[in-house]
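Just below is one structure, and these are the notes that go with it.
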Amino acid sequence: MIDLCLKNCKLVPENGNCSIGIENGKIVSITKIPPKSEKLIDIKGNPVLPGLIDSHVHFRDPGLTYKEDFKTGSLAAAAGGFTTVMDMPNTKPQTNTKKAFLEKLEIARKKSIVDFKLHAGINDLEQIRPVAELNPASFKIFMDLYDNSFLMEAFKQISKLPQKQIITVHAEDKNITNYCTRMEKNRMIEVPEIYAKARPPVSEVIAVSAVIALGGFYDQKLHICHVSTKKSLQLINHAKISGQNITSEISPHHLFLDNSYFHKCGNFVKTNPPIRDDENKLDMSCLKEIDIIGTDHAPHTVEEKKRNVWESLPGIPNLETALPLLLTRVNENKIGFKDIKRLLCRGPAEIFNLSNKGKIEEGMDADFVILDMKKEYVINPDDFKTKAKYSPFEGFKVKGTPIMTIVRGKVVMENGEFFENKGKLVSEHHKK
Ligand code: DOR
Ligand code: ZN
Ligand code: ZN
């Protein structure tokens, strides 16, 4: 007798109706006839996807927990159908020492209801080796904050580590963003639109080409976060075709919004890199050339967002809107379930070496999101579990939503109700 059976699952896009047997948090069988189990959940023919994996969240814990903490962030993840999150290092203190990394792990173990990994930051080059031993999801580099000399040193060291590491990259050039920001501030025109000029497309393009050069020179695996321009994506894909180890990520706001949203929702759409104009922006037609979607869930308070264009803090909470927005496109036949599985399940699992996640197969972790593809509603930030009750997607009509989220066989969300769970650090088998 096994622990749990999910019966009447509709595996998409395969269409097969089946039962999934679960024991000790793992998938042990996928069969037509439900196996005998202690607990039985009737999925009633609803579509079932592997639990989503978000390789890019900012949970603000420790130090900035008035914006978000690992509990509320992981609730937002569960609400949005995500069963694994990878937290970024720009907390207080930053996750760039062994001590800070271990402290954040403790916090996540105590508070998270979904599984997690942590990205590491870099400040003190001496800390790279001890932090690498703790198996970070990646080392994150914010190119808008570092000089080339520091980037060179960091690449030199990380590429020489005994266990291969990934460098994830926020690609905006420090000199160009500083220069353009100064220029725009001098013009004294304080409208939200101006922010896109202070951090122009060319700043990303220069940073992407520089980091491709560094990655190539040091033979270092790269993952480029929140790609926001066509030119950058071309550069990445060209490098990839030439044999370089490089992957790309897009965030929901760069996929679904354009610069007209500065006018529609002011600084609520302010984010780094900024939303682009039609000439530069990526859209749904580019999805096939992109490896994954990362939400870049970056919560702030409404007060912090409502300041003037220069003082307002950049970042958008995306965990609870990403999947419904994508399911709406599935309902419109613009994308398929297979795209969602590639971009949010299998893709991130492969890039970040989560060998037990991202697929519904025997032996994998029993992480699932169950969907209601008929449910229609209007996005309202007051309904969010994140502390950040704002969204540039407010008022968007969506059709399709997660109704149940299961982490290693444990239901953590059902129809908007949440249940306790001890999220686990995703351990991995050795990296290639
Ligand atoms: O808009 C952003 N917000 N971009 C970043 O790179 C950081 C993030 C944050 O932490 O708020
Ligand atoms: Zn970033
Ligand atoms: Zn980010």
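Remember, it's 1-based here, ligands and their atoms both numbered in the order they're listed.
Of all atoms in ligand 1, numbered sequentially from 1 with element shown, those under 4.0 Å from a heavy atom of Thr271 are 1 (O). The ligand atoms of ligand 1 that sit less than 4.0 angstrom from a heavy atom of Gly315 are 1 (O), 3 (N). Listed by number with element, the atoms of ligand 1 under 4.0 angstrom from any heavy atom of Ala298 are 3 (N), 8 (C), 9 (C), 11 (O). Taking every heavy atom of Arg60 and a limit of under 4.0 angstrom, the matching atoms of ligand 1 come to 9 (C), 10 (O), 11 (O).
Considering only non-hydrogen protein atoms, atom 3 (N) of ligand 1 sits nearest to Pro314 O, 3.0 Å.
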Less than 3.5 Å apart, which donor and acceptor atoms pair up between the side chains of residues 185-194 and the rest of the protein, not counting sequence neighbours?
from	atom 1	to	atom 2	distance (Å)
Asn186	ND2	Arg182	O	3.4
Arg187	NE	Glu184	OE1	2.9

Identify all side-chain donor-acceptor contacts of residues 285-293 below 3.5 Å with residues at least two apart in sequence or on another chain.
from	atom 1	to	atom 2	distance (Å)
Ser285	OG	Asp283	OD1	2.5
Lys288	NZ	Ser285	O	2.8
Asp291	OD1	Lys240	NZ	3.2
Asp291	OD2	Lys240	NZ	2.7
Asp291	OD2	Ser248	N	2.9
Asp291	OD2	Ser248	OG	3.3

Please tabulate, for side-chain N and O atoms in residues 204-214, each donor-acceptor pair with protein atoms closer than 3.5 Å (sequence neighbours left out).
from	atom 1	to	atom 2	distance (Å)
Glu204	OE1	Ser228	N	3.2
Glu204	OE1	Ser228	OG	3.3
Glu204	OE1	Thr229	N	3.0
Glu204	OE1	Thr229	OG1	2.9
Glu204	OE1	Ser232	OG	2.7
Glu204	OE2	Ser228	N	3.2
Glu204	OE2	Ser228	OG	2.8
Ser209	OG	Val205	O	3.4
Ser209	OG	Ile206	O	3.1

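Cation-pi geometry between Lys140 and Phe142 is met: the NZ or CZ atom falls under 6.0 Å from the ring centre, inside 45° of the normal.
Ion pair Arg109/Glu106 flagged as a salt bridge, since at least one NZ, NE, NH1 or NH2 atom sits closer than 4.0 Å to an Asp/Glu carboxylate oxygen. At a threshold of 4.0 Å, the pair Asp144-Arg199 counts as salt-bridged, since one of the basic side-chain nitrogens sits closer than that to a carboxylate oxygen.
For the Zn ion (ligand 3), protein N/O/S neighbours under 2.8 Å (waters excluded) are His56 NE2, His58 NE2, Asp296 OD1.
Here OG of Ser138 is found 8.0 Å from NE2 of His223. Values are rounded to the nearest 0.5 Å.
The one candidate from His253, His56, His170 that meets the side-chain hydrogen bond (donor to acceptor under 3.5 Å, both in side chains) condition with His226 is His170.
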